[in-house]
Number of protein chains: 2
Amino acid sequence: MPPTPSVFLNGVPELLVLRLLRDREMYGYELVQAIRETSADQLTFAEGVIYPLLHTLERDGALSTRRQTINGRSRVYYSVTPTGRERFDALSAHWRTLTGAIANVLEAPRHA
Amino acid sequence: MPPTPSVFLNGVPELLVLRLLRDREMYGYELVQAIRETSADQLTFAEGVIYPLLHTLERDGALSTRRQTINGRSRVYYSVTPTGRERFDALSAHWRTLTGAIANVLEAPRHA
DNA sequence: GTATATGCCTTGCGGCGATAGGTATGTCAA
DNA sequence: TTGACATACCTATCGCCGCAAGGCATATAC
């Protein structure tokens with residue numbers, strides 16, 4: 001009886017980063033704010049979470065980078081690779097499965 | 001900008017345990033299987049997760065216990081206290097808020 | 001007689017997110 | 001002009017939760 005891989009219950013930052021980057025390339029600082037804004041301040045993952053995550057995803061081949069200097073400040077833009085897209089699809093499916101299962105337990109009738 | 005308390009993204013075992021015990025008293029071994037069964041094998045939290053959690057919840061006054069011996073085997077039945085019920089309500093509300101926020105990000109239009 | 005299910009428990013590890021810094025440039029108000 | 005704030009990158013350390021992997025004891029089944 002294999003336990004539920006905790007990859008799903010945490011891993012939310014990864015899920016959201018891949019989702020946002022699926023639409024368009026973004027840079028780290030932008031992602032931090034985008035998550036906060038598109039979740040109406042319900043979700044806040046600080047830079048200490050996002051930057052290491054981006055580095056890991058790049059190392060794993062899920063993201064590719066493009067460096068650009070704007071107004072004297074250096075930005076690192078991230079894009080999702082085909083590998084990253086597969087990873088997102090898998091994570092996303094798993095997230096739906098798990099939240100669905102949790103919802104089932106939460107709404108289960110008394111003697112189920 | 002306070003970060004998202006991770007209590008919500010983990011803490012799923014606690015949420016489910018409180019939910020199941022809200023209906024009727026159960027013992028640890030029974031809870032382990034109930035979670036697995038009511039989630040159709042999607043969620044499996046082993047005894048190493050559930051037992052320490054039950055002890056913590058009892059210590060915090062969220063659960064009360066009743067010991068009973070059946071067929072020579074000793075069982076520890078857990079019930080939700082009023083404190084535990086409040087705790088469940090809060091956790092539950094938070095879970096809905098967070099999953100809702102995550103869903104918003106996942107389904108956000110391109111330029112949101 | 002030894003495997004399996006039941007029923008309780010604990011120790012130790014790993015990994016992720018949180019905390020809390022550091023560096024540097026640009027802008028704006030005092 | 002300097003000091004605060006936003007922008008934009010980064011890292012090291014910590015804490016905690018769930019995971020792995022056991023141990024102990026009794027009942028049943030083969």
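Reckoned from all heavy atoms, side chains included, excluding hydrogens, waters and symmetry mates. Sequence lines set the chain letters: A, B, ... in the order given, protein chains first and strands last, and positions in each chain run from 1.
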Novice: Could you check how far CG of L16(A) sits from C1' of dG17(C), rounded to whole Å?
Specialist: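 Rounded to the whole Å, the gap is 13 Å.
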Novice: Within less than 4.0 Å of OP1 or OP2 of dA8(D), is there a side-chain N or O belonging to Y27(A)?
Specialist: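 Answer yes for this pair, as a side-chain N or O of Y27(A) is under 4.0 Å from OP1 or OP2.
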Novice: Any side-chain donor-acceptor pair under 3.5 Å between R73(A) and T69(A)?
Specialist: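 The answer is no; no qualifying pair exists.
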Novice: Got a second to check how far Y77(A)'s OH is from T65(A)'s OG1, nearest 0.5 Å?
Specialist: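 Here the rounded value is 13.0 Å.
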Novice: Would you mind classifying the nucleic acid contact of Q33(A) as base, sugar-phosphate or nothing, using non-hydrogen atoms under 4.0 angstrom?
Specialist: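 Sugar-phosphate only.
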Novice: Starting at CD1 of I70(B) and ending at P of dT28(D), how long is that distance when rounded to a whole Å?
Specialist: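 Distance, rounded to whole Å: 13 Å.
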Novice: What is the distance, rounded to the nearest whole Å, between atom OH of Y29(A) and atom P of dT25(C)?
Specialist: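 Distance, rounded to whole Å: 17 Å.
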Novice: What integer distance in Å separates E30(A):CD from dA6(D):P?
Specialist: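 Interatomic distance, CD of E30(A) to P of dA6(D): 18 Å.
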Novice: Does a side-chain N or O from Y51(A) land closer than 4.0 Å to OP1 or OP2 of dC10(D), or not?
Specialist: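 Negative; the distance criterion is not met.
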Novice: Taking P13(A) as the fixed residue, which of L18(A), I35(A), L31(A), L53(A) is the one that meets the side chain to side chain contact (heavy atoms under 4.5 Å, CB included) rule?
Specialist: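 Answer to the side chain to side chain contact (heavy atoms under 4.5 Å, CB included) test with P13(A) among L18(A), I35(A), L31(A), L53(A): L53(A).
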Novice: Would you indicate, yes or no, if dT11(D) has its OP1 or OP2 atom less than 4.0 angstrom from a side-chain nitrogen or oxygen of H55(A)?
Specialist: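 Checking dT11(D) against H55(A), a side-chain N or O does come within under 4.0 Å of OP1 or OP2.
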Novice: Separation of I50(B) atom CD1 from dA20(D) atom P, in whole Å?
Specialist: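 The answer, rounded to whole Å, is 14 Å.
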Novice: Nearest to the E47(A) side chain among dC9(D), dG7(C), dC9(C), which nucleotide is it?
Specialist: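 Nearest nucleotide to the side chain: dC9(D).
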Novice: Can you work out whether L54(A) or R73(A) has the more 5'-proximal nearest nucleotide on DNA chain D?
Specialist: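 The 5'-side residue here is R73(A).
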Novice: Side chain of P52(A), heavy atoms from C-beta onward: which of dC9(C), dT11(D), dA6(D) has the nearest atom to it?
Specialist: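 Looking only at heavy atoms from C-beta outward on P52(A), the closest nucleotide is dT11(D).
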Novice: Roughly, in whole Å, what's the span from CZ in F45(B) to C1' in dC17(D)?
Specialist: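 Distance check: F45(B) CZ to dC17(D) C1' gives 11 Å.
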Novice: Could you check whether G48(B) gets within reach of a base, just the sugar-phosphate, or nothing at all, counting any heavy atom under 4.0 Å?
Specialist: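 Result for G48(B) = base.
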Novice: Side chains of R96(B) and S92(B) only: does a donor on one sit below 3.5 Å from an acceptor on the other?
Specialist: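 On atom types as modelled, these side chains qualify, holding a pair under 3.5 Å.
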Novice: Does R24(B) come within less than 4.0 Å of E30(B), counting only side-chain N to carboxylate O?
Specialist: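 A salt bridge is present here (some side-chain N lies under 4.0 Å from a carboxylate O).
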Novice: Using whole Å, what does the distance between atom C1' of nucleotide dT26(D) and atom CD of Q68(B) come to?
Specialist: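 Result: 16 Å.
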Novice: Rounded off to whole Å, could you give me the CG-to-P distance for the N71(B) and dA5(C) pair?
Specialist: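 So the two atoms are 17 Å apart, to the nearest Å.
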